Amino acid sequence: MTTTTAVNKLDAAVDAGMGGLISDLQALIRQPSVSAKKLGLVECANLVAATMQKAGISAEVLYLDDEKKEVPPVVYGEVRSKSNPDGKTLLFYNHYDVQPEEPLELWEAAPFSGEVKGNQIFGRGSADDKGELMTRIKAVECFLKEAGDVPCNIKFLVEGEEEIGSIHVEQYLKKYRKKLACDGVIWEFGYVDAKDRPIVSLGMKGLLYVELVARGPSRDAHSSLAVLIENPAWRLVSALKTLRDPSGRILVKDWYRDVRGFTKQELAVISREPFDEQEFRKEYGVSRFVNGARGVDVKKALVGMPTCNIAGIVSGYTGPGAKTVLPAEATAKLDFRLVPDMDPKKQLALLKRHLKEKGFGDIEVRFIHGEAAARTPVDDPFVKQVRQAAEESFGSAVLSVSAAGTGPMHSFVKVLKAPCISVGSTYMFARIHSPNEFARVDLLNKCTKCVCRIIGRFGANQ
């Protein structure tokens, strides 16, 4: 079903079904599913399965341990092509869990209301990731309604721990490897830029997340004793200062040793990728970028440079007024973005070695999470199919070597041996992970049409 007439029929079906998409999305938003709090996960998984079944997709809720059921379940969906059962298989990866809703006082509407105001649907998960999930489900539903079939085999994997690091997704992939076998993966989200162009992203950075703990006296002490007792906060600050210079370069020995350089094709894509520096700085209220970066250096940093970021630092008294205290402990949470060929375990070992060699071996390094980076080659045939579908449905599209953020893409590439590409409906200023998160109805519409075209092209190119 790839002729112009067929595509027009699918587009009309998407337009006619927008009321259903919105109401189904509202139902998902109204079911809180906060993985950080272990809130409503099973209930939401069951609701996702029911939504799939209503759309004509065979669905089941799967567990790692069928008896204890301690790990949040995944939802598996499948539609086998009647006309092409031995053809290729396209897998949609999404997640049903969401970020915590706090701070509540900053929301203009209830965070789980799914309230519609004009072209926007508000609520936690409206964009990340329940809105994206609905575009995939509705695209498949439109094929089944219009053609009674799909041109390629379709599978879904919808997990419930993405917002806390996809802790068990690789175990799920290994346990259900045969069931999840596929030839290509459409990732769980995709940004749309300020000019309403979808960003077709070919990869994701990796992550090393750690907590550093510096300890001082056995208990909090009077600050007058600072002449005798070393303050762990100062010690932690001194240690942090050895990790990164003012230009952003990481000072840990051998940190960049395994970094894979850009290919000529990737550099060409980066040079062509539009990026509005002024608009970006305006949105985030900054006057300059790190190290005064400009032009192509900004784009190269976003898609392919490692980072060292202090995500949080806490010590002593932080309440109102004054309290003269010498704290017993100081902690800092750090996230290091990694790029292809950097191994989180190796980087962790380098970090520990660095602190020891710099005289900070007493500072505890707690490993919290690690994820390797992944990147699909620019010349993979799947890239052309997705890019053309995006260009047709949105009018134009931007090809990007990699997203700046992190997800479990490396696990999919490693276990399923399939290329992964991100494309979606999330407006880049949709306030995901923040109060007043929203999805734009017009972009949900265009993305659903885009997914229809991806399915059509994937089925036609066997």
Side-chain angles (χ1 to χ4, degrees), residues 33 35 41-42 44-45 48-49 52 57-80 88-97 128-129 132-133 136-137 140 152-190 201-209 338 340-345 368-377 380 382 402-403 405-424 458:
S33 48
S35 50
L41 299 178
V42 173
C44 195
V48 169
M52 285 186 184
I57 302 165
S58 175
E60 56 183 317
V61 176
L62 303 175
Y63 286 87
L64 269 184
D65 186 331
D66 293 327
E67 293 182 4
K68 294 184 179 179
K69 298 183 178 181
E70 294 175 345
V71 174
V74 299
V75 183
Y76 173 75
E78 182 177 7
V79 178
R80 192 165 180 82
K88 292 197 294 187
T89 297
L90 183 63
L91 173 72
F92 294 108
Y93 161 67
N94 289 90
H95 62 93
Y96 61 81
D97 66 314
D128 180 20
D129 184 49
E132 297 281 21
L133 172 60
R136 280 71 164 151
I137 291 174
V140 174
C152 64
N153 298 311
I154 299 292
K155 293 179 180 179
F156 285 83
L157 174 64
V158 188
E159 67 150 319
E161 295 181 297
E162 195 275 344
E163 298 293 5
I164 54 172
S166 298
I167 304 167
H168 297 96
V169 75
E170 187 166 322
Q171 291 175 249
Y172 270 113
L173 290 171
K174 289 177 178 177
K175 178 173 182 177
Y176 297 103
R177 188 194 310 254
K178 186 174 181 181
K179 185 186 282 283
L180 295 168
C182 63
D183 302 286
V185 179
I186 292 296
W187 205 243
E188 48 99 1
F189 82 105
S201 179
L202 308 185
M204 299 201 81
K205 286 184 176 180
L207 183 74
L208 170 63
Y209 201 109
L338 310 179
D341 294 348
M342 296 177 83
D343 183 331
K345 292 181 180 178
I368 295 178
H369 180 63
E371 188 75 52
R375 192 181 294 166
T376 295
D380 190 292
F382 190 32
S402 176
T406 299
M409 190 178 283
H410 182 264
S411 296
F412 282 74
V413 173
K414 181 174 70 173
V415 178
L416 301 183
K417 311 294 183 187
C420 302
I421 298 179
S422 298
V423 66
F458 204 73

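Side chains are part of it too, since the values below use all heavy atoms of this structure and drop only hydrogens, waters and symmetry mates. The model shown is predicted, which means the values in this text are computed figures rather than measured ones.
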If you round to the nearest 0.5 Å, how far is [atom2] of [Y] from [atom1] of [X]?
{"X": "D343", "Y": "L338", "atom1": "CG", "atom2": "CG", "value": "9.0 Å"}
{"X": "I154", "Y": "K88", "atom1": "CD1", "atom2": "NZ", "value": "11.5 Å"}
{"X": "S411", "Y": "Q171", "atom1": "OG", "atom2": "CD", "value": "10.0 Å"}
{"X": "N153", "Y": "L90", "atom1": "CG", "atom2": "CG", "value": "10.0 Å"}
{"X": "M409", "Y": "S402", "atom1": "CE", "atom2": "OG", "value": "7.5 Å"}
{"X": "R136", "Y": "L91", "atom1": "CZ", "atom2": "CG", "value": "11.0 Å"}

Starting from the C-alpha separation in whole Å, work towards a yes-or-no answer on side-chain contact (heavy atoms from CB on, under 4.5 Å) for E163 and S35. CA-CA 7 Å; E163 298 293 5; S35 50; 3.7 Å; yes
Among Y96, Y93, Y172, whose side-chain hydrogen bond (donor to acceptor under 3.5 Å, both in side chains) with E159 holds?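 Result for side-chain hydrogen bond (donor to acceptor under 3.5 Å, both in side chains) with E159: Y93.
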State, to 0.1 Å, how close [X] and [Y] come at their nearest heavy-atom pair, and which atoms those are.
{"X": "A403", "Y": "S201", "value": "N-OG, 2.9 Å"}
{"X": "G160", "Y": "P72", "value": "O-CB, 4.3 Å"}
{"X": "T89", "Y": "C182", "value": "O-CB, 3.6 Å"}
{"X": "V42", "Y": "P73", "value": "CG2-CD, 4.1 Å"}
{"X": "G184", "Y": "A418", "value": "N-CB, 4.0 Å"}

Taking [X] for the side chain and [Y] for the main chain, is one N or O donor matched with an acceptor at less than 3.5 Å?
{"X": "D97", "Y": "E162", "value": "yes"}
{"X": "T376", "Y": "C420", "value": "yes"}
{"X": "S422", "Y": "G190", "value": "no"}
{"X": "D129", "Y": "E132", "value": "no"}

When you measure from the centre of the six-membered ring of Y76, is the NZ or CZ of K155 under 6.0 Å away and within 45° of the axis?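 No.
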Do F156 and I137 pass the side-chain contact (heavy atoms from CB on, under 4.5 Å) test, and can you show the C-alpha distance, the side-chain angles, and the key distance before you say yes or no? CA-CA 9 Å; F156 285 83; I137 291 174; 4.0 Å; yes
Would you indicate whether the side-chain heavy atoms of [Y] and [X] approach each other to under 4.5 Å?
{"X": "I421", "Y": "V185", "value": "no"}
{"X": "I186", "Y": "F382", "value": "yes"}
{"X": "E161", "Y": "V71", "value": "yes"}

Picking from L173, L62, V75, N94, what satisfies side-chain contact (heavy atoms from CB on, under 4.5 Å) with L157?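 Per the side-chain contact (heavy atoms from CB on, under 4.5 Å) rule, the option paired with L157 is L173, out of L173, L62, V75, N94.
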Any carboxylate oxygen within less than 4.0 angstrom of a Lys/Arg side-chain nitrogen, looking at E78 and K179?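 No, E78 and K179 are not salt-bridged.
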Derivation and outcome, side-chain contact (heavy atoms from CB on, under 4.5 Å), residues M52 and V158: CA-CA 11 Å; M52 285 186 184; V158 188; 3.6 Å; yes
Check the pair D65 / E70 against side-chain contact (heavy atoms from CB on, under 4.5 Å), numbers first and verdict last. CA-CA 7 Å; D65 186 331; E70 294 175 345; over 6 Å; no
Centroid-centroid distance, F92 to W187, less than 6.0 Å: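 Not close enough - the centres of the two rings lie 6.0 Å or further apart.
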Give the intermediate values and the outcome of side chain to side chain donor-acceptor pair (under 3.5 Å) for residues E371 and H410. CA-CA 8 Å; E371 188 75 52; H410 182 264; 5.3 Å; no
